Amino acid sequence: MAHPLQLGFQDAASPIMEELLHFHDHALMAVFLISALVLYIISTLMTTKLSNTNTIDAQEIEMVWTIMPAIILIVIALPSLRILYLMDEINNPDITIKTIGHQWYWSYEYSDFVDLNFDSYMTSTKDLLPGQFRLLEVDNRMTTPIGMATRMLISAEDVLHSWAVPTLGVKTDAIPGRLNQASFLISRPGVYYGQCSEICGANHSFMPIVIESLPIKEFLNWTTASVNS
């Protein structure tokens, strides 16, 4: 959950998001070192009155500042490609959940259970309970078990939407007539918030996503209660 004046990312709740945070720090360090070096060179050239003809035409320096950026790009690109393939990899999911974006709410269907589906609308301000967040709480939360590979099948009924939960490192477009998929594994219990990340009309800001992660026993109790209700 983000908080006021937060400068960094939200705490990771899935292995993929942990990898993304590590890669962000890795890339940011390279950017910081490059910026410091360029700033030092610029300040030196502006303050010194000394000059040397060797710095005007030097093949060695030109080779260095041509090869070094290529090496830096490779160092950044290889971890990026690794994470990209990890995010697309879906092997034997333990549970499959289908979500469809509407104007302006989400509907969920648990494919592994019979008659387990529901709509998820944003809770209005006057109906919020103490401790709940305005514009982020919903009437029916999507619930998943801890430590189980979850596959999301994502589509839309009317216009483009985007199913995004920053804490899990998931952001997938919901496109009418097309079925996209994403996967995640929640590593700890909690409640995780997201929102539609594609401008989809007048009430785009009012279709939040709430995922509640429970131990497997409590999750099975929740599925039983939901089906019976």
Side-chain angles (χ1 to χ4, degrees), residues 1-2 9-21 83-91 93-113 116-123 132-214 219 222-223 226:
M1 180 67 194
F9 290 97
Q10 300 180 27
D11 293 338
S14 68
I16 289 296
M17 189 58 191
E18 291 178 3
E19 293 286 342
L20 290 172
L21 290 178
I83 297 175
L84 191 63
Y85 280 102
L86 284 176
M87 293 177 68
D88 286 337
E89 186 174 351
I90 300 177
N91 290 326
D94 299 311
I95 183 173
T96 299
I97 305 173
K98 181 180 179 181
T99 179
I100 299 178
H102 309 264
Q103 288 182 312
W104 287 272
Y105 64 96
W106 297 96
S107 61
Y108 297 96
E109 177 184 337
Y110 288 70
S111 304
D112 303 296
F113 299 88
L116 182 51
N117 54 79
F118 53 86
D119 296 331
S120 181
Y121 290 87
M122 186 190 75
T123 304
Q132 293 184 338
F133 298 102
R134 178 177 173 270
L135 302 182
L136 287 177
E137 193 57 60
V138 296
D139 56 354
N140 292 309
R141 294 175 173 177
M142 179 186 131
T143 304
T144 59
I146 302 171
M148 296 183 69
T150 303
R151 174 176 60 181
M152 295 297 303
L153 301 177
I154 302 166
S155 185
E157 184 185 48
D158 34 46
V159 298
L160 290 176
H161 299 279
S162 183
W163 198 82
V165 183
T167 311
L168 304 179
V170 177
K171 182 181 184 296
T172 304
D173 288 341
I175 304 171
R178 178 172 177 172
L179 201 62
N180 291 331
Q181 66 177 356
S183 65
F184 59 85
L185 186 150
I186 300 180
S187 54
R188 53 189 172 87
V191 179
Y192 309 106
Y193 296 89
Q195 288 179 303
C196 176
S197 296
E198 188 75 44
I199 297 176
C200 55
N203 292 330
H204 157 68
S205 303
F206 307 123
M207 48 184 305
I209 301 162
V210 182
I211 300 177
E212 184 173 2
S213 181
L214 299 174
F219 171 75
W222 173 84
T223 57
S226 299

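In what follows, residues are counted from 1 in the order of the sequence shown. All values reported here derive from a predicted model rather than from experimental measurement. Values below: all heavy atoms of this structure, side chains included; hydrogens, waters and symmetry mates excluded.
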Between atom [atom1] of [X] and atom [atom2] of [Y], what is the distance when rounded to the nearest 0.5 Å?
X: Ile154; Y: Thr172; atom1: CD1; atom2: OG1; result: 4.0 Å
X: Lys171; Y: Glu198; atom1: NZ; atom2: CD; result: 6.5 Å
X: Met122; Y: Cys196; atom1: CE; atom2: SG; result: 13.0 Å
X: Asp119; Y: His102; atom1: CG; atom2: NE2; result: 6.0 Å
X: Leu116; Y: Ser226; atom1: CG; atom2: OG; result: 5.5 Å
X: Glu19; Y: Ile83; atom1: CD; atom2: CD1; result: 5.5 Å

With a 4.5 Å cut-off on side-chain heavy atoms, are [Y] and [X] touching?
X: Asn117; Y: Lys98; value: no
X: Ile211; Y: Ile186; value: yes
X: Ile16; Y: Phe184; value: no
X: Ile175; Y: Leu160; value: yes
X: Ser120; Y: Met142; value: no
X: Glu109; Y: Ile100; value: no

If you apply the rule side-chain contact (heavy atoms from CB on, under 4.5 Å), what do you find for Thr96 with Gln181, and how did you get there?
CA-CA 10 Å; Thr96 299; Gln181 66 177 356; over 6 Å; no
Counting only heavy atoms not in Ile199, do more than 12 fall under 6.0 Å of its CD1?
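Not buried by this count: 12 neighbours or fewer within 6.0 Å.
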Going by side chain to side chain donor-acceptor pair (under 3.5 Å), name the residues that satisfy it together with [X], two or more places apart in sequence or in a different chain.
X: Tyr105; value: none
X: Ser187; value: none
X: Trp163; value: Tyr108
X: Asn91; value: Glu89

Please check this pair: side chain of Thr123 against backbone of Val138, looking for a donor-acceptor N/O pair closer than 3.5 Å.
yes
Quick check against the 3.5 Å criterion: does Arg188 have a side-chain atom that pairs as donor or acceptor with the backbone of Ser213?
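No; zero donor-acceptor contacts below 3.5 Å.
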Quick one: salt bridge (Lys or Arg N to Asp or Glu O under 4.0 Å) pairs with a partner in residues 140-168, sequence neighbours left out?
Glu137-Arg141, Arg141-Glu212
Side chain to side chain contact (heavy atoms under 4.5 Å, CB included) involving [X] - partner list, sequence neighbours excluded:
X: Phe9; answer: Met17, Leu21, His24
X: Pro15; answer: Leu185
X: Ile95; answer: Ile97, Tyr110, Asp112, Phe113, Pro145, Thr150, Phe219
X: Ala156; answer: His161, Ala174, Pro176

Nearest heavy atoms of [X] and [Y], plus distance in Å:
X: Met207; Y: His204; answer: CG-O, 3.6 Å
X: Gly194; Y: Leu136; answer: O-CD2, 4.4 Å
X: Asp11; Y: Thr167; answer: O-CG2, 2.9 Å
X: Arg178; Y: Ser155; answer: O-OG, 3.0 Å
X: Cys200; Y: Trp104; answer: O-NE1, 3.3 Å

Taken in chain and number order and not counting sequence neighbours, the residues that satisfy ring-ring contact (aromatic ring centres under 6.0 Å, His included) with Phe206 are none
